[in-house]
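First the structure, in the form of structure tokens, and then the observations on it.
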Number of protein chains: 2
Amino acid sequence: MRDETAAKPGRKPRIEDVAALAGTSPMTVSRALRGEGRVSPETLARIHAAVEALGYVPNLSASSLASRRSGILAVLVPTIGNSVFSETVRGVADAAEAAGLHLLIGDYAYSDDKRRQLVRALVGRRPDALVLVGAVQDEAARTLLRQHDDIPVVETWELSDDPVDMAVGFSNFSAGAEVARHLVGGGRRRCAFVGSAESRAAARLAGFTAALAEAGAAPPETETPADLSIEAGRVSLDRLLARAPDLDGVFFATDVMAVGGLLECQRRSIDVPGRIAIVGLGDLEIGRQLRPALTTVRIPAYEMGRRAGELILARLGKGAPPREGRIIDLGFSLVRRQSS
Amino acid sequence: MRDETAAKPGRKPRIEDVAALAGTSPMTVSRALRGEGRVSPETLARIHAAVEALGYVPNLSASSLASRRSGILAVLVPTIGNSVFSETVRGVADAAEAAGLHLLIGDYAYSDDKRRQLVRALVGRRPDALVLVGAVQDEAARTLLRQHDDIPVVETWELSDDPVDMAVGFSNFSAGAEVARHLVGGGRRRCAFVGSAESRAAARLAGFTAALAEAGAAPPETETPADLSIEAGRVSLDRLLARAPDLDGVFFATDVMAVGGLLECQRRSIDVPGRIAIVGLGDLEIGRQLRPALTTVRIPAYEMGRRAGELILARLGKGAPPREGRIIDLGFSLVRRQSS
DNA sequence: CTGAAAGCGCTTACAG
DNA sequence: CTGAAAGCGCTTACAG
């Protein structure tokens, strides 16, 4: 199968083999390799030589079991395919790396069922901590996580008033409301929302709707495409215009879809922001670069992951002490550009 | 810390506790939970009831250690921040899910040093398999992986003639060459390449250069921006034009940068493809949607991950038998659109 | 600074 | 269909 000549003859070396070759005990090898406790320089040198000679790589399943610390940071995301979520994962990864934790990723493909299964599966790995994109809605999952209350849990991208443990996010409701006020403030009277099936989009719509009502504007038209593509944004804009030709403001739940709306207006020679204002969410680079540049809600995607990681390190005693409580609102900001 | 009243009094239940409550042995519980071997329906029912009652979640570190199978599929990527790579990871994830494997992700942030460390660390988890984005160049890593030859390894995105174990990819050299032929065939005589520091971009440049020479065209101007952003593409185009005002064709190593080139031409009112032809690589949706639509090299990003996963499942005896050898060339295709 | 003993929580290999 | 014994490869908790 693979180059047999390069392979060592026997089975994989264990700590005992290293100890034997270095003329010491497994215990001392264990200490030396973890950099814990005092080990004499000579012993240390012999151990390192033995490790090198044998090509020894400690079995982390065994060390996890014995030490009751897995060194694993589990992350649960709706999909790794969405770049805003991968920004959050990068934030978590950066914090994890600083503490020498490995990232175990669960992608639940937006399926509630898969998410439930994944929570169980990940808990089975006894991770040192768990970060979720999104709040834990599911009662069974909440119970499970409460039961395993030695695992720090951070929910991100959403701020419930009752997180399982900790939360780092922003108010999707407020973001929607701010966009509505911005549009109405710019004289828009007939607005629409293009969202998705997830709870975060629903919260944005709720805030959007509430603020429109408060300002005396009509309730929003809505579109809920099956995916979050540029094409979905284009098609949604077409549909909305067919239903409500007098539309003058559209809030897309993601920048990707908003770019679709922008491009569709360009193709149909619809004046933006003259006739229609367009607002997105996420502050992707493409929105900044297009003309008219896209007005958007900037979300602290990377920062949420990073702070989630820091909260965890603090809890594990590996980082700075926590600066705030268990719920951190990182806020958002409306970035006014040319499209509104 | 967390709602204490909801927590069970004692420590976490073990398989022994489940067995005791169900009135059977740990061995039988183990069998029942793995769905292996025959267990009587009555025993099974009692076991499931006990699991439910105790909130038992098997400790996978223990089962990994005992069974010598971790149920982990390790994936090493240059960065999860790049959407083309996350497509590959999604492909791997889909295959992994079918086999009940968990994804352990190592993001080495394009650092050779981190990559080396991560290979060791991941091997320590004794993954059932390892997928890498990129070939294993490092000799130390190759030796380590050869030593652990019970771990199937698949390299993706690159096709070396001597992979550590298996490889699924395409020829970056050929892709570069094909773009060069396409440009020269369209009458372009003064071409440029905008790349990055990674080996895949270098291979594309090599192919690009070779084919230009073969066609009797001048060697390419090159730019190597520090990041792969749209802005980097814009700036690179500017620099190239400053150096070579007669430039008539640019190949960007990624669609993201190519979009920057396209937008910069738009802003400067440079006719594309009239004065300059622009070609990207990756076939991102934004390139399809812009006008002029971007000519690009379509890469089987998802498919590479998927096939890598399938090769692994075949090797582990969990999937269909392998259809081909250990090196699979998935090819690429030049998608001619309006920008060239 | 070093080590012998016990144990982490499962599964393998036997046996019935 | 079921179970007792041994062991997976480390680290904890003691002791010196």
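Letters go in sequence order (proteins before strands), and every chain restarts at 1. Because the structure is a prediction, the values reported are computed rather than measured. Every heavy atom of this structure was used, including side-chain atoms; hydrogens, water molecules and symmetry mates were not.
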Separation of D:dT12 C1' from A:Arg34 CZ (nearest whole Å): 9 Å
Which nucleotide in the set D:dG9, C:dC10, D:dT2 lies at the smallest distance from any side-chain heavy atom of B:Ser63? C:dC10
On the side chain of A:Arg31, is there an atom forming a donor-acceptor pair with the base of C:dG3 - under 3.5 Å, no angle test? yes
Of B:Met27 and A:Val57, the one whose closest nucleotide on DNA chain D sits nearer the 5' end is B:Met27
B:Ser67, nearest nucleotide to its side chain (from D:dG9, C:dT11, D:dG3): C:dT11
Can you confirm whether the side chains of B:Ser61 and B:Ser64 place a donor and an acceptor under 3.5 Å from each other? no
Closest to side chain of A:Tyr56, choosing from C:dT12, D:dC10, C:dT2: D:dC10
If you measure only the distance, is there a donor-acceptor pair under 3.5 Å linking the side chains of A:Tyr108 and A:Asp113? no
Comparing B:Arg126 and B:Arg46 on DNA chain D - which has the more 5′ nearest nucleotide: B:Arg46
Phosphate OP1/OP2 of C:dT2: any A:Thr43 side-chain N/O under 4.0 Å: yes
Tell me: CG of A:Leu33 to C1' of D:dT11, nearest whole Å? 13 Å
For the side chain of B:Leu65, starting at C-beta, report the closest nucleotide among D:dG3, D:dT11, D:dG9. D:dG9
Looking at B:Ser30, I'd like to know whether one of its side-chain N or O atoms comes within less than 4.0 Å of OP1 or OP2 on C:dT11. yes
Could you state the atom-to-atom distance from CD1 of B:Ile15 to P of C:dG9 in whole Å? 12 Å
A:Ser160 side chain to A:Glu155 side chain, donor-acceptor N/O pair below 3.5 angstrom: no
Return the value, rounded to whole Å, for the distance between atom NE2 of A:His148 and atom P of C:dG9. 12 Å
Are B:Arg34 and B:Ser30 linked by a side-chain donor-acceptor pair shorter than 3.5 Å? yes
Rounded off to whole Å, could you give me the CG-to-P distance for the B:Asn59 and D:dC8 pair? 18 Å
Closest-nucleotide ordering on DNA chain C, the 5'-leading residue of B:Glu36 and B:Ala62: B:Ala62
